[in-house]
Amino acid sequence: MGYEEAGRDRSAEPSSGVPAAVLDNVFDDPTHGEPGRDRIGVHLWWELLLLAGLAVVSWLLWQEDPSAVRDGNLRTLLIDAVGLGLLVLAAGLSLRTSAPNLAVGPVAVAAALHYAEQGDRGLPESIGPAVAVAAVGGLALALAVVVLHVPGWAASLAGAAAVVVYIERRSAPVLVQGDYDPTGSAGYLFAGFAAVAVLGGLFGAVRAIRRLVGRYRPIVDPARRRGAVAAVVTAVALVISTVLAALAGVLLAANDPGPVAPTSGLDWTVLAIGVALLAGTSAYGRRGGVFGTLLAVGLVTVFQVYAPERGWTLSNWAVGGVALGVGLLATRLVETLGRPRTGSPERIEPVSDGTISSGWTTPQPQSVDNWPPSLPTQAAPQPVDPWRDPRWEDAPRRWDTDER
């Protein structure tokens with residue numbers, strides 16, 4: 001199958017009047033994209049709100065139970081944040097490529113069940129097969145998305161159904177057989193997650209990288225292919241997303257002293273997608289913030305610890321649903337205020353050559369120096385030969401009448 005890329009076969013100069021070299025420097029997509037660079041200011045303002053929310057919830061938790069953020073409880077809190085953060089990174093990466101991976105939750109639960117059953121064999125022997133199977137499953141999902149060019153949410157939902165079938169083979173919760181305790185390296189794990197989240201956001205703010213990652217985002221007709229480069233980038237992102245989800249499941253299972261319940265995991269998908277949108281990642285793809293993932297994960301993790309202290313029983317469905325609702329509002333703000341400002345210096349206005357893109361031409365203005373305009377010179381009248389008048393041919397001849 002070929003990967004046609006709509007509009008790539010024609011130059012951008014005829015439709016806009018701007019040289020192609022200039023368009024390549026200022027357009028997020030030189031052929032289809034909007035002129036100018038995405039504005040990052042809206043993401044920074046949104047992240048300031050997330051930071052304020054994190055500070056408020058942390059202070060409330062401190063006032064309610066100071067021991068919840070000390071010593072062993074703090075290390076457990078950090079590991080929970082890393083586990084959720086890996087899931088959010090998995091969801092956010094697939095969202096950035098405009099191919100949402102809805103299978104991250106079931107994959108995490110399946111990996112957690114596998115680790116719980118095989119943990120006594122050692123960490124590499126229990127994690128290695130889970131990561132390998134996740135990579136193969138992510139590759140199969142990626143091939144289905146980019147080869148058939150179908151929506152990522154639909155293909156990943158089918159993949160999630162297949163993973164749920166694997167999960168339902170267990171009828172009872174599974175106790176973790178391994179003795180790995182991730183709280184001993186909680187600080188290092190959280191620092192690693194924070195570095196990956198912030199560096200990923202910084203790289204995603206670079207125009208070339210953002211344009212490369214978001215090439216799968218539809219421009220006109222979503223059913224039209226976006227090119228081979230977009231297909232490769234999206235496939236790699238889906239594989240990495242699935243692997244991150246498996247690692248998140250293993251980490252959450254190792255940090256939880258209780259058994260791993262064989263649930264569908266779709267509540268984790270809702271929570272991960274919701275937190276990714278809450279972080280400022282656009283549901284349409286490409287656009288995203290810098291510190292949003294780290295702040296949103298911290299906010300939700302602290303809130304999930306604070307809620308039981310107040311006697312609130314909130315499931316992942318409830319927290320994820322609220323995060324989704326607020327995240328959709330963030331998407332609308334990002335898409336509306338993150339576009340290049342009209343008339344800004346970075347926005348290149350098309351140079352009109354008198355031709356509208358639809359093919360009609362507009363009349364060119366005339367100079368006012370020769371007003372009023374002179375009338376066109378009339379041709380001199382030609383003398384009429386009376387003997388060649390058609391009447392002589394059409395009228396009846398006199399002598400013909402006499403003969404009758």
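Numbers here are sequence positions counted from 1. Note that the structure is a prediction, hence the values are computed from the model and not measured.
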Using the side chain to side chain contact (heavy atoms under 4.5 Å, CB included) rule, take Thr76 and Asn255 through it: C-alpha gap first, then chi angles, then the decisive distance, then the call. CA-CA 7 Å; Thr76 302; Asn255 192 47; 3.6 Å; yes

Quick check: does any side chain N or O of [X] sit under 3.5 Å from a backbone N or O of [Y], one acting as donor and the other as acceptor?
X      : Y      : answer
Glu168 : Tyr166 : no
Ser264 : Val164 : no
Ser241 : Ala237 : no
Ser126 : Gly119 : no
Ser58  : Ala55  : no
Glu47  : Val290 : yes
Ser156 : Trp153 : yes
Thr336 : Leu333 : no
Arg75  : Ala186 : no

Would you call [X] and [Y] a side-chain contact if the rule is heavy atoms closer than 4.5 Å?
X      : Y      : result
Tyr180 : Val250 : no
Leu271 : Asp267 : no
Thr242 : Asn101 : yes
Arg287 : Arg217 : yes
Leu189 : Leu78  : no
Glu309 : Leu61  : yes
Phe203 : Val213 : no
Ser94  : Leu238 : yes

On a heavy-atom basis, which atom in [X] and which in [Y] lie closest, and how many Å separate them?
X      : Y      : result
Ala99  : Thr234 : CB-CG2, 3.7 Å
Ala68  : Asn73  : O-CB, 3.5 Å
Val270 : Gly320 : CG1-C, 3.7 Å
His43  : Gly289 : ND1-N, 3.4 Å
Thr281 : Thr331 : O-OG1, 3.7 Å
Ala91  : Ile273 : CB-CD1, 3.6 Å

Quick one: which of Leu247, Leu84, Ile240, Thr293 gives a side chain to side chain contact (heavy atoms under 4.5 Å, CB included) with Leu89? Thr293

Taking atom [atom1] of [X] and atom [atom2] of [Y], what is their separation to the nearest 0.5 Å?
X      : Y      : atom1 : atom2 : value
Leu212 : Arg286 : CG    : CZ    : 12.5 Å
Arg207 : Ile40  : CZ    : CD1   : 12.0 Å
Thr269 : Leu87  : OG1   : CG    : 8.0 Å
Phe291 : Leu202 : CZ    : CG    : 6.0 Å
Leu50  : Leu48  : CG    : CG    : 9.0 Å
Leu337 : Trp45  : CG    : CH2   : 12.5 Å

Evaluate the criterion side chain to side chain contact (heavy atoms under 4.5 Å, CB included) for residue pair Trp46 and Leu278; output intermediate values, then yes/no. CA-CA 9 Å; Trp46 182 257; Leu278 181 64; 4.2 Å; yes

For residues Thr301 and Asp80, is any side-chain donor paired with an opposing acceptor at under 3.5 Å? no

Could you go step by step and tell me if Trp268 and Val104 meet the side chain to side chain contact (heavy atoms under 4.5 Å, CB included) rule? CA-CA 8 Å; Trp268 285 102; Val104 291; over 6 Å; no

Please assess Trp317 against Leu266 for the test side chain to side chain contact (heavy atoms under 4.5 Å, CB included), listing each intermediate value before the final yes or no. CA-CA 9 Å; Trp317 290 106; Leu266 292 177; 3.9 Å; yes

Sequence neighbours excluded - salt bridge (charged side-chain N to carboxylate O under 4.0 Å, His left out) pairs with any residue from residues 118-134: none

Do the charged groups of Glu117 and Arg169 touch, with an N to O distance under 4.0 Å? no

With a 3.5 Å cut-off and sequence neighbours excluded, list the donor-acceptor pairs that the side chains of residues 141-151 form with protein atoms.
{"residue": "His149", "atom": "ND1", "partner": "Tyr216", "partner atom": "OH", "Å": "3.2"}
{"residue": "His149", "atom": "NE2", "partner": "Pro222", "partner atom": "O", "Å": "3.3"}
{"residue": "His149", "atom": "NE2", "partner": "Arg224", "partner atom": "O", "Å": "3.0"}

Classify the ring geometry between Phe303 and Trp312 as parallel (under 30°), tilted (30 to 60°) or perpendicular (over 60°). tilted

